[in-house]
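Below is one structure, written out as structure tokens, with a few remarks after it.
All values reported here derive from a predicted model rather than from experimental measurement.
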Amino acid sequence: MLDNELKTLSARIDSLTDLSSRLLAENRRLKTQESALLAERDELQRKNELAKARVEAIILRLKALEAQE
């Protein structure tokens, strides 16, 4: 009976070790993905601000042209 319990316990420990390894790998992958997504978000925000500044400049030029008429 004790031998059976030890085998069962050993199998559970192996299973938990495997699960732990898979979770660690997934966690590393998710952290890498998060980093890439944050960098992409920052780049998109930068481009958005640049586009916004360009549109505002165009609006100001149009208003200046309109005032000249």
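The side-chain heavy atoms of Glu5 and Leu9, taken from C-beta on, include no pair separated by under 4.5 Å. Taking the side chain as every heavy atom from C-beta outward, Gln33 and Arg29 approach each other to under 4.5 Å. Two residues are said to be in side-chain contact when any heavy atoms from C-beta on lie closer than 4.5 Å; Arg61 and Ile58 meet this criterion.
With values rounded to the nearest 0.5 angstrom, Glu34 atom CD is found 9.5 Å from Asn27 atom CG. For the atom pair Leu30 CG and Ser35 OG, the distance stands at 11.5 Å (nearest 0.5 Å). Here the CG-CD1 distance, from Leu6 to Ile13, works out to 9.5 Å after rounding to the nearest 0.5 Å.
Comment: Arg46 does not engage Glu49 in a salt bridge, judged by the lack of any side-chain N to carboxylate O separation of less than 4.0 angstrom.
Remark: side-chain polar atoms of Ser15 are not paired, donor with acceptor, to backbone N or O of Ala11 under 3.5 angstrom. Panel note: side chain Thr32, backbone Arg28; a donor-acceptor pair is recorded below 3.5 Å. Proximity of a side-chain donor or acceptor of Thr8 to a complementary backbone N or O of Asn4 within less than 3.5 Å is detected.
Within 6.0 Å of CD on Glu66 lie no more than 12 heavy atoms contributed by other residues, nucleotides or ligands.
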Full working for side-chain contact (heavy atoms from CB on, under 4.5 Å) between Leu37 and Glu40: CA-CA 5 Å; Leu37 289 171; Glu40 181 182 3; 3.8 Å; yes
